[in-house]
Amino acid sequence: MGKAYGVVADILVDKFQFTEDELSPGATLEEIDLDSLGRVEFALTLRDATGVPFGDDQITLDTTLGEIADAVEAAWGAGTAVAPR
C-alpha cells in the first residue's frame with residue numbers, strides 16, 4: 001500500500017496503541033476492535049493528518065483500513081486534500 005496506508009497505520013499505532021501486527025489493509029474496524037467513540041476520534045485524527053474529512057457513513061465497522069487509505073489517496077489525487085510532506 002502507499003503513503004496513505006502508512007498514515008492510517010501510524011495513527012492507529014501512535015494514538016490508539018495498536019501494534020503493526022494487528023493491522024492489515026484487509027482488516028475492518030470491527031476486526032481491530034475500534035469502538036464507536038474510537039471511530040469518531042480516528043476520523044478526526046485522520047482528517048487532521050491527511051486533510052480529508054470523513055463522515056460517519058464513510059467510516060463504519062465494516063470499512064477496511066485499505067478502503068480508508070484508498071479514499072485518502074483518491075482525495076489527494078483529486079486535489080481535494082493535500083498530502084503531508
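As a basis for the values below, the full set of heavy atoms in this structure was taken, side chains included, without hydrogen atoms, waters or symmetry mates. Given the structure is predicted, the values throughout are model-derived calculations rather than measurements.
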Ignoring hydrogens, what is the shortest heavy-atom contact between Glu41 and Lys15? Give both atom names and the distance. OE2-CE, 2.9 Å
Flag side-chain contact, heavy atom, 4.5 Å: Arg39 against Leu61: yes
Working to the nearest 0.5 angstrom, can you tell me the gap between Thr60 OG1 and Glu67 CD? 8.0 Å
Close side-chain approach of Leu46 to Val8, heavy-atom, < 4.5 Å: yes
CG of Asp35 to CD of Glu30: how many Å apart, nearest 0.5 Å? 12.0 Å
Closest non-hydrogen atoms of Leu12 and Leu65, given as atom of the first, atom of the second and distance, are CD1-CD2, 3.7 Å
Verify the cluster assignment for Leu44 and Val52: are they in a single hydrophobic cluster under the rule of side-chain heavy atoms below 4.5 Å apart? no
Within a strict 4.5 Å, meaning less than it, do heavy atoms of the Gln58 and Thr63 side chains meet? no
Roughly how far, to the nearest 0.5 Å, is CZ of Phe16 from CG of Asp33? 13.5 Å
Close side-chain approach of Ile11 and Asp14, heavy atoms under 4.5 Å: no
Tell me whether Ile32 is reachable from Val13 by hopping between hydrophobic residues (I, L, V, M, F, W, Y) whose side-chain heavy atoms are closer than 4.5 Å. yes
With Tyr5 as partner, the option from Ile68, Leu23, Asp70 fulfilling side-chain contact (heavy atoms from CB on, under 4.5 Å) is Leu23
Looking only at heavy atoms, the pair that brings Ala69 and Ala4 closest together is O-CB, 3.4 Å
How close do Pro25 and Thr64 get, counting heavy atoms only, and between which atoms? O-CB, 3.4 Å
